[in-house]
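Predicted model, so just to flag it, every value in this text is computed and none were measured.
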Amino acid sequence: MSGKVVLYYVNGRGRMESARWLLAAAGVEFEEVFLTKREQYDKLQNDGALMFQQLPLVEIDGMQLVQTKAILNYIAGKYNLYGKDLKERALIDMYAEGTLDLMDLIIMSIFTPPENKEKYFSDIEQKAKERFLPVYEKGLANSDFLVGNQLSRADVHLLEATLMLQEIFPTILSTFPKIQAFQGRMKALPRINKFLQPGSARKPPIDEAYLKTVKEVFSHLFK
Ligand code: GSN
């Protein structure tokens with residue numbers, strides 16, 4: 001294993017995108033191995049790289065990290081995106097887990113049959129407006145950051161999630177001025193700004209090609 005940070009996943013957002021965001025926010029260079037064939041997944045398993053036979057996998061600091069949340073926790077802890085004490089960390093975890101729940105709804109939409117998609121998306125929109133966005137609007141009422149007085153993973157996940165929401169519901173933030181202002185501040189941060197430019201490691205919204213690759217690599221899940 002080299003000293004480089006290497007991400008193993010398919011070439012799409014899925015469960016790896018938030019790790020890409022955190023690494024970008026921390027200014028960490030990383031490489032990516034994109035799985036396109038079942039054999040690559042089998043090889044990682046045969047090599048003992050996948051503790052639970054699952055991706056994502058991140059090689060970092062001599063470890064083979066799996067489990068999305070363990071990966072995000074490690075990156076956040078290492079790069080000072082995890083608050084100043086245990087209480088801040090707990091609050092960051094609450095925001096982070098909620099925001100990952102919201103993003104999961106969008107990520108899983110690819111597996112919803114076409115005839116159910118309209119209802120599925122209208123439920124996401126309602127939940128976003130009534131359950132999730134009011135929480136962030138309140139959290140940002142008196143501060144530039146969700147937790148404490150510095151950038152944390154809670155903020156990075158929130159930017160990622162709100163941009164995802166706007167891809168589907170372009171006007172969804174119209175009644176959330178604090179989140180809009182937050183987005184403006186976050187996008188102006190040089191590392192984030194760089195990640196938002198074309199050619200960065202940021203991945204586009206999931207599409208049919210992505211679904212096809214997922215079905216090839218994880219063929220056992222689609223029998
Ligand atoms: O969050 C995590 O990393 C785990 N709790 C779940 C990871 C997971 O389900 N990975 C999928 C592919 S990525 N998509 O969601 C996976 O590797 N599935 C193969 C299997 O046999 O479960």
Participant: Under the ring-ring contact (aromatic ring centres under 6.0 Å, His included) test, which residues partner F218, sequence neighbours left out?
Facilitator: Y41
Participant: Could you walk me through whether L55 and L50 pass the side chain to side chain contact (heavy atoms under 4.5 Å, CB included) check?
Facilitator: CA-CA 7 Å; L55 295 174; L50 308 179; 3.7 Å; yes
Participant: For a side chain to side chain contact (heavy atoms under 4.5 Å, CB included) with L165, tell me which candidate from L133, L173, L105 qualifies.
Facilitator: L133
Participant: So, do K212 and E216 sit near enough that their side-chain heavy atoms are less than 4.5 Å apart?
Facilitator: no
Participant: Would you mind checking if R202 and E160 are paired as a salt bridge, meaning a charged N to carboxylate O distance below 4.0 Å?
Facilitator: no
Participant: When you check the gap from the basic side-chain N to the acidic O, do K37 and D42 get nearer than 4.0 Å?
Facilitator: no
Participant: Step through the shown structure and confirm whether more than 12 heavy atoms of other residues, nucleotides or ligands are within 6.0 Å of CG on D47.
Facilitator: yes
Participant: Looking at K4 and E31, is there a salt bridge between them, counting it only when a charged N and a carboxylate O are closer than 4.0 Å?
Facilitator: yes
Participant: So does E39 pair up with K43, basic N to acidic O under 4.0 Å?
Facilitator: no
Participant: Which residues pass the ring-ring contact (aromatic ring centres under 6.0 Å, His included) test with F195, not counting sequence neighbours?
Facilitator: W21
Participant: If we ignore angles and hydrogens, is there a donor and acceptor under 3.5 Å between the side chains of T99 and Y136?
Facilitator: yes
Participant: Within the supplied structure, the quantity of interest is the number of heavy atoms (other residues, nucleotides, ligands) at a distance under 6.0 Å from R131 CZ; does it exceed 12?
Facilitator: no
Participant: Just wondering, are more than 12 heavy atoms of other shown residues or ligands nearer than 6.0 Å to CD in Q53?
Facilitator: no
Participant: Per the salt bridge (charged side-chain N to carboxylate O under 4.0 Å, His left out) rule, what does the pair list look like for residues 80-89, sequence neighbours excluded?
Facilitator: K84-E88
Participant: Check the pair Y82, R153 against side-chain hydrogen bond (donor to acceptor under 3.5 Å, both in side chains), reporting the backbone distance first and the verdict last.
Facilitator: CA-CA 6 Å; Y82 223 161; R153 61 177 291 202; 3.2 Å; yes
Participant: Does this structure show an ion pair linking R13 with E167, if we count only N-O contacts that are shorter than 4.0 Å?
Facilitator: yes
Participant: Testing L23, I71, L72 for side chain to side chain contact (heavy atoms under 4.5 Å, CB included) with V58, which one passes?
Facilitator: I71
Participant: With a 4.5 Å cut-off on side-chain heavy atoms, are K178 and K138 touching?
Facilitator: no
